[in-house]
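Quantities reported herein were computed from a predicted structural model and do not represent experimental measurements. In listed order, ligands and their atoms are each counted from 1.
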Amino acid sequence: MAKVAFIGLGVMGYPMAGHLAKAGHQVQVYNRTETKARAWSQEFKGQWCATAAEAAAGCEYVFVCVGNDDDLRQVVLGEQGVAEGMSPDSILVDHTTTSADVARELSRILHSRQIAFVDAPVSGGQAGAVNGVLTVMMGGKEDVIAKVTPLMTAYARCSQRMGDVGSGQLTKMVNQICIAGVVQGLAEGLHFARQAGLDGEAVVEVIRHGAAQSWQMENRYQTMWQGQYDFGFAIDWMRKDLGIALDEARRNGSTLALTALVDQFYGDVQAMGGHRWDTSSLLARLDK
Ligand SMILES: NC(=O)c1ccc[n+]([C@@H]2O[C@H](COP(=O)([O-])OP(=O)(O)OC[C@H]3O[C@@H](n4cnc5c(N)ncnc54)[C@H](OP(=O)(O)O)[C@@H]3O)[C@@H](O)[C@H]2O)c1
């Protein structure tokens with residue numbers, strides 16, 4: 001069992017840190033909003049700390065799951081950030097969805113302090129985190145990833161090294177590009193069903209057994225048909241992720257026409273007040 005720190009107890013981090021504690025690791029947590037850290041340490045066996053540096057002190061592994069590139073830089077390199085507390089030969093595992101650039105930048109900086117870095121974005125949503133069945137896409141050195149992989153079994157069903165630092169984030173971009181097109185297709189299908197006077201739920205009960213089936217269809221068609229979007233993976237996060245993917249595509253020469261279009265559709269849903277609505281709310285834009 002290891003001594004670990006977990007920084008960022010949001011929708012994803014809170015249950016992930018909980019699984020590490022339940023697996024028997026000695027867990028120290030930090031969260032910017034202290035009340036969440038206090039609540040976590042009451043629910044799970046573990047210590048809350050007042051700063052990220054304090055949480056990271058003396059830990060072999062430090063896990064981070066915050067919002068975006070800037071948040072990550074702040075909790076790692078900022079005043080009383082984890083880099084101040086981490087010792088040489090320890091490992092930082094970042095579960096935030098960020099650009100590949102920031103992963104490489106932090107890896108370089110931490111390497112000069114003999115700290116190893118793994119970019120490890122996750123897929124599976126809140127339910128995946130709560131149920132401990134996330135998918136983790138990792139970038140980093142093989143020997144480092146071999147050390148962190150056993151710890152991740154606490155909250156992941158699948159974890160895989162994709163290449164050097166940055167490769168985990170690039171893989172997550174592929175994941176988000178694939179989701180964007182699938183959700184828009186499902187939204188248009190359900191919109192068409194409504195316009196045609198069909199019972200959308202009955203339609204999906206049939207077509208889900210054929211070639212149109214997808215995770216989005218299985219997990220989202222009922223709430224979409226009922227117009228319920230106040231849960232799940234927030235559009236603000238999805239637009240952050242698509243923005244990162246579109247930036248990377250400009251650099252590597254990919255053509256992401258559909259992704260760019262769906263990103264604009266998400267902008268329409270934000271304008272309807274849907275910043276925190278689930279990504280399946282693309283249907284709300286068509287049904288309005
Ligand atoms: N939610 C999902 O379904 C899902 C799925 C896959 C991947 N992700 C990715 O996982 C990451 C976290 O998502 P989430 O849904 O857990 O987000 P969230 O609920 O908004 O939590 C974000 C966490 O980061 C902390 N934080 C943000 N900015 C910070 C800063 N500058 N300094 C210190 N702490 C900061 C927040 O602290 P406070 O409590 O003080 O706000 C909170 O603990 C994101 O990159 C997201 O894209 C999310």
Side-chain angles (χ1 to χ4, degrees), residues 5-19 29-41 48-56 62-85 93-100 102-103 106 119-138 152 155-159 168-169 171-180 183 215-216 219-220 229-245 266 275-281:
F6 205 106
I7 313 299
L9 303 173
V11 167
M12 302 298 284
Y14 192 102
M16 289 164 80
H19 285 300
V29 297
Y30 164 76
N31 194 67
R32 180 178 56 183
T33 305
E34 196 177 288
T35 45
K36 278 193 217 167
R38 286 177 185 273
W40 186 94
S41 70
W48 73 272
C49 299
T51 69
E54 200 184 306
V62 176
F63 296 84
V64 177
C65 189
V66 292
N68 59 26
D69 285 24
D70 288 342
D71 301 327
L72 179 64
R73 281 195 192 91
Q74 199 173 339
V75 296
V76 175
L77 304 175
E79 205 180 324
Q80 298 185 311
V82 292
E84 282 185 20
V93 177
D94 177 37
H95 286 307
T96 313
T97 304
T98 68
S99 67
V102 78
L106 289 183
D119 52 304
V122 300
S123 175
Q126 181 174 13
V130 170
N131 298 320
V133 292
L134 291 169
T135 296
V136 190
M137 305 144 229
M138 292 183 280
M152 286 181 196
Y155 49 77
R157 183 168 50 188
C158 166
S159 55
Q169 295 298 349
T171 304
K172 174 75 182 185
M173 290 173 213
V174 177
N175 187 74
Q176 301 306 74
I177 291 164
C178 294
I179 288 175
V183 178
W215 185 97
Q216 298 294 335
N219 292 280
R220 293 291 186 261
Y229 303 115
D230 209 3
F231 69 100
F233 185 55
I235 284 187
D236 282 354
W237 282 151
M238 185 59 163
R239 288 209 81 197
K240 178 234 341 162
D241 295 356
L242 295 181
I244 290 168
Y266 278 127
H275 290 265
R276 294 294 296 187
W277 292 354
D278 183 64
T279 41
S280 57
S281 57

Novice: As a quick check of understanding, evaluate side chain to side chain contact (heavy atoms under 4.5 Å, CB included) for W48 and E54, giving each step before the final call.
Specialist: CA-CA 9 Å; W48 73 272; E54 200 184 306; over 6 Å; no
Novice: Side chains of T51 and E84: does their closest heavy-atom pair fall under 4.5 Å?
Specialist: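 No, every pair of side-chain atoms sits at 4.5 Å or beyond.
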Novice: Test side chain to side chain contact (heavy atoms under 4.5 Å, CB included) on R220 and W215; report intermediate values, then the result.
Specialist: CA-CA 8 Å; R220 293 291 186 261; W215 185 97; 3.8 Å; yes
Novice: Any idea which atoms of ligand 1 are less than 4.0 Å away from a heavy-atom of Q74?
Specialist: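 Ligand 1 atoms under the 4.0 Å threshold to Q74: 31 (N).
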Novice: So which protein heavy atom does atom 45 (O) of ligand 1 come closest to, and at what separation?
Specialist: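 Looking only at protein heavy atoms, the one closest to atom 45 (O) of ligand 1 is G67 O, 2.8 Å.
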Novice: Who's the nearest protein heavy-atom neighbour of atom 44 (C) of ligand 1, and how far?
Specialist: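 Here the closest protein heavy atom is V66 O, 3.3 Å.
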Novice: With heavy-atom distances below 4.5 Å as the criterion, would you say the side chains of M238 and I179 are in contact?
Specialist: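 The answer is yes, as the side chains (C-beta and beyond) meet within the 4.5 Å cut-off.
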Novice: Return the closest protein heavy atom for atom 16 (O) of ligand 1 as residue, atom name and distance.
Specialist: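 Result: M12 N, 2.9 Å.
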Novice: For atom 2 (C) of ligand 1, state which one of W237, F233, F6 supplies the nearest heavy atom.
Specialist: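 Shortest heavy-atom distance from atom 2 (C) of ligand 1: F233.
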Novice: Can you sort out which atoms of ligand 1 are near K240, meaning under 4.0 Å from one of its heavy atoms?
Specialist: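 Close to K240: 44 (C), 45 (O), 46 (C), 47 (O).
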Novice: Closest heavy-atom contact between G125 and M12?
Specialist: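 Minimum heavy-atom contact is O-CE, 3.5 Å.
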Novice: Between Q169 and T96, is there a donor-acceptor pair closer than 3.5 Å when you use the side chain of the first and the backbone of the second?
Specialist: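 Side chain of Q169 to backbone of T96, a donor-acceptor pair under 3.5 Å: yes, one is there.
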Novice: Do Y30 and ligand 1 have an N or O pair less than 3.5 Å apart?
Specialist: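 No, Y30 has no N/O under 3.5 Å of an N/O on ligand 1.
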Novice: Give every residue pair that meets the salt bridge (charged side-chain N to carboxylate O under 4.0 Å, His left out) criterion with at least one member in residues 232-245, sequence neighbours excluded.
Specialist: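 For residues 232-245, and leaving out neighbouring residues, the salt bridge (charged side-chain N to carboxylate O under 4.0 Å, His left out) pairs sorted by first residue read R239-D263.
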Novice: Quick test: of every protein heavy atom, which one is nearest to atom 28 (N) of ligand 1, and how far off is it to 0.1 Å?
Specialist: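 Here the nearest protein heavy atom works out to D71 CG, 3.0 Å.
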Novice: Side chain, backbone, both or neither: which applies to K172 and ligand 1 if a contact is any heavy-atom pair less than 4.0 Å apart?
Specialist: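 Near ligand 1, K172 shows its side chain, while the N, CA, C and O stay back.
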Novice: Just go through D236, T135, V75 and tell me whose heavy atom is the nearest to atom 32 (N) of ligand 1.
Specialist: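 Going through D236, T135, V75 one by one, V75 has the nearest heavy atom to atom 32 (N) of ligand 1.
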Novice: For atom 9 (C) of ligand 1, what's the nearest protein heavy atom and its distance?
Specialist: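 Going by distance alone, atom 9 (C) of ligand 1 is nearest to T97 OG1, 3.6 Å.
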Novice: Is it the case that ligand 1 has an N or O less than 3.5 angstrom from some N or O of G125?
Specialist: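 Such a contact does not occur with ligand 1.
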Novice: Measure from the side-chain N and O atoms of H19 to the backbone N and O of A129, and report whether any donor-acceptor pair falls under 3.5 Å.
Specialist: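 Present.
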Novice: Looking only at protein heavy atoms, which one is nearest to atom 10 (O) of ligand 1, and how far off is it?
Specialist: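 Scanning the protein heavy atoms, the shortest distance from atom 10 (O) of ligand 1 goes to C65 SG, 3.8 Å.
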Novice: Among protein heavy atoms, which sits nearest to atom 39 (O) of ligand 1, and what does the distance come to when rounded to 0.1 Å?
Specialist: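 Nearest neighbour among protein heavy atoms for atom 39 (O) of ligand 1, to 0.1 Å: K36 NZ, 2.5 Å.
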Novice: Taking the inter-plane angle between the rings of F6 and H95 on a 0 to 90° scale, is it parallel (under 30°), tilted (30 to 60°) or perpendicular (over 60°)?
Specialist: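 Ring orientation, 0 to 90° scale: parallel.
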Novice: Heavy atoms only: which of V122, N31, V11 lies closest to atom 37 (O) of ligand 1?
Specialist: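 Selected option, by shortest heavy-atom distance: N31.
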Novice: In the protein, what heavy atom is nearest to atom 21 (O) of ligand 1, and what distance, to one decimal place, separates them?
Specialist: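 Checked against all protein heavy atoms, atom 21 (O) of ligand 1 sits closest to G10 CA, 3.3 Å.
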Novice: When only distance counts, is G232 in polar contact with ligand 1, meaning an N/O pair under 3.5 Å?
Specialist: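 No: no nitrogen or oxygen of G232 is under 3.5 Å from one in ligand 1.
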Novice: Which bit of R32 gets closer than 4.0 Å to ligand 1, counting heavy atoms only: side chain, backbone, both or neither?
Specialist: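 Under 4.0 Å from ligand 1, R32 contributes backbone and side-chain atoms.
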Novice: Q126 heavy atoms, cut-off 4.0 Å: which ligand 1 atoms fall inside?
Specialist: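 Answer, ordered by atom number: 3 (O).
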Novice: Atom CD1 of I177 and atom NZ of K172: how far apart are they, to the nearest 0.5 Å?
Specialist: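 Reported value, rounded in 0.5 Å steps: 12.0 Å.
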Novice: Looking only at distances, please establish whether an N/O atom of ligand 1 is found under 3.5 Å from an N/O atom of T33.
Specialist: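 Such a contact does occur with ligand 1.
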Novice: What do you reckon, does G8 have a nitrogen or oxygen under 3.5 Å from a nitrogen or oxygen of ligand 1?
Specialist: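 Between G8 and ligand 1, no N or O pair is found under 3.5 Å apart.
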Novice: Mind checking side-chain contact (heavy atoms from CB on, under 4.5 Å) for T33 and listing every partner two or more places apart, or none if nothing turns up?
Specialist: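 Once residues adjacent in sequence are excluded, the partners of T33 under the side-chain contact (heavy atoms from CB on, under 4.5 Å) criterion are N31, T35.
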Novice: Contact between S123 and ligand 1, counting heavy atoms under 4.0 Å?
Specialist: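 No, S123 has no heavy atoms under 4.0 Å from ligand 1.
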Novice: Check step by step if side chain to side chain contact (heavy atoms under 4.5 Å, CB included) holds for D119 and T98.
Specialist: CA-CA 9 Å; D119 52 304; T98 68; 5.8 Å; no
Novice: For side chain to side chain contact (heavy atoms under 4.5 Å, CB included), just list the numbers for Q176 and I244, CA-CA rounded to whole Å, side-chain angles, deciding distance to a tenth of an Å, and then say yes or no.
Specialist: CA-CA 10 Å; Q176 301 306 74; I244 290 168; over 6 Å; no
